[in-house]
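One structure below.
Lettering follows sequence order; numbering is per chain, from 1.
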Amino acid sequence: MIFSKTLNRWYSINKRELPWRQTKNPYSIWLSEIILQQTQVKQGLPYYEAFLVNFPTVFDLARAEEQDVLKLWQGLGYYSRARNIHLTAKYIVNQYDGVFPNNYTALLKLKGVGDYTASAIASICFNEPKAVVDGNVYRVLSRYFGVETPINSSKGIKEFKTLAQELIDHENPADYNQAIMEFGAVQCKPQNPDCSVCPFNTTCFAFNKNQIQQLPVKIKAEKAKKKYFNFLVIISKEEQTILKKREGKGIWQNLYQFPLIETSKSMNQDEFHSILKNHDVLKGLNYELSLYNETAIIHKLSHQHLYTKFWIVTTHASLTEGITFLEIHKYPVPLLIENFIKDFNF
DNA sequence: AATCCGGGGCT
DNA sequence: AGCCCAGGATT
């Protein structure tokens, strides 16, 4: 009881003014919660504003083309979130006449909505006492109570969920949930928190045992694998190029890119030239090849590092599947491609 | 239970 | 270059 009281007092004084705190509209809250998954407020904020401007209601989002939703999501990463909000918007319109379900269990059935997001929407919009457990909550609870179970183990996930649920303020779950997350983000930060001004510093386990750096405990991730990407930037006489949609599984699903040839090592001009001879996209084409970036661009994802070279393929032929330079900007592309497009000045 | 899925930020 | 951040779906 003391815990939630102290937390709520801290929150009322220190909370940031954020646009999704001005509303209880389930559509807005849902949108903000999906955007904020794995994403910091600073990065997600402009996307939240843009989505509400472009798609003010769930009906507008449901009517959109997936490509336009992905375009608006471009740069934010984890693109399944964008595909899922589009799917779910259509589902809400068709199955619920555009009205969001009003409880945890029904919310959990939505694509892209897991335990965290269902708890967030249910508590914030409908005052259902379901405790949210996001990265901030793991950190706050593990430090304050000295819980050493790894937060990314099955045991840890259950343990922290149970603990969080025991602590929730049943009088005001909406503010309590937001308070503990905001406290984790602003005060009980991952690195170098200023514990001297923390309202919990007399009773916090980690602070008093000098364990702030050690908590929370987390199982280490595998090292990122190296991959070697070669993009064919085809430039035709008629100012056209070729973009391909990424199909199937893997990264950047349904986004576009220049024709890609993945190799087992970094290629030089001669090596790549011989590989190119029997490639589909250039079949029967007369072209000249030049390397745009001598040193590979390293694009870092959490689980793979992409060593990337852009190869300029100039041709006098006309392209049957070509798009004009002006049209490039309508296609959703990964940041790696977007950065090249800007640099190349199409 | 383990792995995949982006991109930002700090050192 | 190496490290931390961390929800949901899939297998």
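- In this structure, the CD atom of A/Gln253 is 12 Å from the C1' atom of C/dT10, given to the nearest Å.
- Across all strands, A/Gln37 comes closer than 4.0 Å only to sugar-phosphate atoms, never to a base (heavy-atom distances).
- Atom C1' of nucleotide C/dA9 and atom CD of A/Gln38 are separated by 12 Å, given to the nearest angstrom.
- Per the geometry, CD1 belonging to A/Ile121 stands 14 Å off P belonging to C/dG7, to the nearest Å.
- Considering only heavy atoms from C-beta on, A/Tyr138 stays 4.5 Å or farther from A/Asn152 through its side chain.
- Contacts of A/Tyr307 with the nucleic acid, taken as non-hydrogen atoms under 4.0 Å apart, involve only primed sugar atoms and P, OP1 or OP2.
- The A/Leu335 side chain lies nearest to B/dG8 when the options are B/dG8, B/dC5, C/dG8.
- Across the protein-nucleic acid pair, A/His299 atom NE2 and B/dG9 atom P stand 14 Å apart, rounded to whole Å.
- At the heavy-atom level, A/Ile298 lies under 4.0 Å from the strands shown only through sugar-phosphate atoms.
- Nucleotides of DNA chain C nearest to A/Gly114 and A/Gln40 differ in position, and the one nearer the 5' end is that of A/Gln40.
- Residue A/Lys218 has its side chain nearest to C/dC5 when only C/dG7, B/dG6, C/dC5 are considered.
- A gap of 22 Å separates the P atoms of C/dC3 and B/dG6, to the nearest Å.
- Rounded to an integer number of Å, the gap from CH2 of A/Trp252 to C1' of B/dG7 is 11 Å.
- In this structure, A/Ser154 reaches the B/dA1 phosphate: one of its side-chain N or O atoms is under 4.0 Å from OP1 or OP2.
- Backbone-only contact: A/Lys111 has heavy atoms under 4.0 Å from sugar-phosphate atoms and none from a base.
- Residue contacts shown for A/Lys225 are absent, as no nucleic acid heavy atom lies under 4.0 Å away.
- The residue A/Tyr79 sits close only to the backbone: its heavy atoms come under 4.0 Å of sugar-phosphate atoms, none of a base.
- Atom NE2 of A/His303 is separated from atom C1' of B/dG6 by 8 Å (rounded to the nearest Å).
- For A/Gln304, the side-chain atoms get nearest to B/dC5 when compared with the rest of B/dG7, B/dC5, C/dA6.
- Ring orientation note: the planes of A/Trp73 and A/Phe51 are nearly perpendicular, at an angle over 60° on the 30°/60° scale.
- If you check C/dG7, B/dG6, C/dG2 against the side chain of A/Lys300, the one that comes closest is C/dG2.
- The ring of A/Phe3 has its center closer than 6.0 angstrom to the ring center of A/Phe200.
- Mapping A/Lys158 and A/Tyr78 onto DNA chain B by nearest heavy atom places A/Lys158 at the nucleotide closer to the 5' end.
- Nearest nucleotide to the A/Tyr116 side chain, out of C/dC4, B/dG6, C/dG8: C/dG8.
- Rounded to a whole Å, the NE2 atom of A/His305 is 9 Å from the P atom of C/dA1.
- Contacts of A/Arg83 with the nucleic acid, taken as non-hydrogen atoms under 4.0 Å apart, are absent.
- Counting any heavy atom pair closer than 4.0 Å across all strands shown, A/Asn152 reaches no nucleic acid atom.
- Residues A/Tyr228 and A/Tyr307 place their aromatic rings such that the two centres sit under 6.0 Å apart.
- Checking C/dG8, B/dC5, C/dA6 against every side-chain atom of A/Asp115, the shortest atom distance belongs to C/dG8.
- Taking the six-membered ring where the residue is Trp, A/His273 and A/Tyr287 present tilted rings, their angle falling between 30° and 60°.
- Side-chain rings of A/Phe258 and A/Phe344 stay apart, their centers remaining 6.0 Å or farther from each other.
- When heavy atoms are screened at a 4.0 angstrom cut-off, A/Thr39 is found touching base atoms of the nucleic acid.
- DNA chain B is contacted by both A/Ser302 and A/Glu222; A/Glu222 maps to the nucleotide lying nearer its 5′ end (nearest heavy atom per residue).
- Residue A/Lys249 has no polar side-chain atom (N or O) positioned under 4.0 Å from OP1 or OP2 of B/dC5.
- Side-chain atoms of A/Asn84 never come within 3.5 Å of backbone atoms of A/Lys111 as a donor-acceptor pair (strictly under, hydrogens ignored).
- Distance A/Tyr138 OH to C/dG8 P: 10 Å, rounded to the nearest Å.
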